[in-house]
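Each chain gets a letter, A, B and so on, in the order its sequence line appears, and its residues count up from 1.
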Amino acid sequence: MPELPEVETVARQLAPFVVGREVRSLSILDPRLRAERTPRVAGRTIEQVYRSGKRVLLEFSAPPRGGRPLALAVHLRMTGRLLWETDGTKSAHDHLRARFRLDGGELLFADTRRFGTFHWYASAADALPDGMEPLSPKLTTLKLGQLIGDSRQNIKTWLLRQDRLVGLGNIYASEILHRAAISPFRPAGSLAKDELKRLHASTRHTLRRAIENCGTTFSDFQDAQGVEGSYQQFLAVYDRDGETCRRCGDSIRRVVQQQRSTYHCPGCQV
DNA sequence: ATTATATCCTGATCGC
DNA sequence: TGCGATCAGGATATAA
């Protein structure tokens, strides 16, 4: 499911249901999620839920008898989902991997492919990612150029690097480049100033528009509250191999870069 | 220091 | 209807 807009949607939708609730117990059903020692969360209150990069951060209060606060970063990877339930219907989920029993409901983590991860931190500040948030005002065009430097990596692959920018994935990397009219094959460091400007503007525009539309949903099944993204109707190139480019009329092509699909229009991406 | 490959999993879909 | 190959919105460890 999740790149930045989808994870943002999950966090926004989940927060009102769980913030302020106390954790009664946590059951981790998939041992893979216990790669890190699991701290005691029972008795703590969920204080904040928000997105950071592609992760959902949950901040917990200090335990009632004193101690330090706690933060959990949930990475959904390919198929992770966070579900809120009050009626017991979702507990039978085929791929339930963890369950937080809260005061007044349950927060469930389901994950078909089991790539999702839990990372625990002593504080939210410790959970800060390496890369920059692409929508941060601190990311200027100049800064973007500095991050790219003289990298000879192709720009599409560069956009996926979470140690530079966080949150971009395979769909939005292709979409952003198409909007910026930049070929995915271009060495990142070869972009001229005006191209960097277009790339920056396209990144902001694409992500904002996707967030407004609650992200992109391909599968028909719904998430926690039945919120489905609608950005798929705006996709210009992704998953449109052989179809017509709405900008120049050329035929959109699927290519493989670093073992991953890239969609682009050879006619108008130079 | 980059960059390619293999790997972690399960399920849906495609071509024969 | 069955079967194998391929693909999937992610990221890392290891090899070259």
Interatomic distance at [atom1], [N] relative to [M], whole Å:
N: C:dA11; M: B:dA12; atom1: C1'; result: 22 Å
N: B:dT5; M: C:dC7; atom1: P; result: 15 Å
N: C:dG9; M: B:dA4; atom1: C1'; result: 23 Å
N: B:dC9; M: C:dT14; atom1: P; result: 15 Å

Would one find a side-chain N or O of [X] under 4.0 angstrom from OP1 or OP2 of [N]?
X: A:Arg77; N: C:dA11; value: no
X: A:Gln259; N: B:dT5; value: yes
X: A:His95; N: B:dC9; value: no
X: A:Arg32; N: B:dC9; value: yes
X: A:His75; N: C:dG10; value: no
X: A:Tyr238; N: C:dG9; value: yes
X: A:Thr117; N: C:dA11; value: no
X: A:Lys54; N: C:dG10; value: yes

inquiry  = Taking atom types as they are modelled, would you say the side chain of A:Arg113 forms a donor-acceptor pair with the base of B:dC9 within the 3.5 Å cutoff?
reply    = yes
ask   = Do A:Trp158 and A:Arg164 pass the side chain to side chain contact (heavy atoms under 4.5 Å, CB included) test, and can you show the C-alpha distance, the side-chain angles, and the key distance before you say yes or no?
value = CA-CA 8 Å; A:Trp158 189 91; A:Arg164 296 299 195 270; 3.5 Å; yes
Separation of [N] [atom2] from [X] [atom1] (nearest whole Å):
X: A:Asp239; N: B:dA12; atom1: CG; atom2: P; value: 17 Å
X: A:Asn213; N: C:dG9; atom1: CG; atom2: P; value: 20 Å
X: A:Arg114; N: C:dG10; atom1: CZ; atom2: C1'; value: 16 Å
X: A:Met78; N: C:dC7; atom1: CE; atom2: C1'; value: 9 Å
X: A:Arg34; N: B:dC8; atom1: CZ; atom2: P; value: 20 Å
X: A:Phe115; N: B:dC8; atom1: CZ; atom2: P; value: 9 Å
X: A:Leu76; N: C:dA11; atom1: CG; atom2: C1'; value: 14 Å
X: A:Asp163; N: B:dA1; atom1: CG; atom2: P; value: 13 Å

note = pair_partner(C:dA8), Watson-Crick or wobble, both distances < 3.5 Å, evaluates to B:dT10
Name the closest nucleotide to the [X] side chain, picking from [options].
X: A:Gln258; options: C:dG9, B:dT10, B:dA4; value: B:dA4
X: A:Arg260; options: C:dA8, C:dG9, B:dC8; value: C:dG9
X: A:Gln162; options: C:dC7, C:dG10, C:dA11; value: C:dA11
X: A:Arg254; options: B:dC8, C:dC7, B:dG11; value: C:dC7

message = Looking only at the side chains, is there a donor atom on one of A:Glu6 and A:Tyr172 sitting less than 3.5 Å from an acceptor on the other?
response = yes
key: Flag for A:Thr206-A:Glu175: side-chain donor and acceptor within less than 3.5 Å   =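 No, no side-chain donor-acceptor pair sits under 3.5 Å.
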query = Of the options A:Gln257, A:Glu3, A:Lys156, which is the one that meets A:Asn170 in a side chain to side chain donor-acceptor pair (under 3.5 Å)?
reply =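 Looking at A:Gln257, A:Glu3, A:Lys156, the match for A:Asn170 under the side chain to side chain donor-acceptor pair (under 3.5 Å) is A:Lys156.
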query = Between A:His264 and A:Phe185, is the ring centre distance below 6.0 Å?
reply = yes
query = So, are A:Arg51 and A:Glu133 salt-bridged, with charged N and O less than 4.0 Å apart?
reply = yes
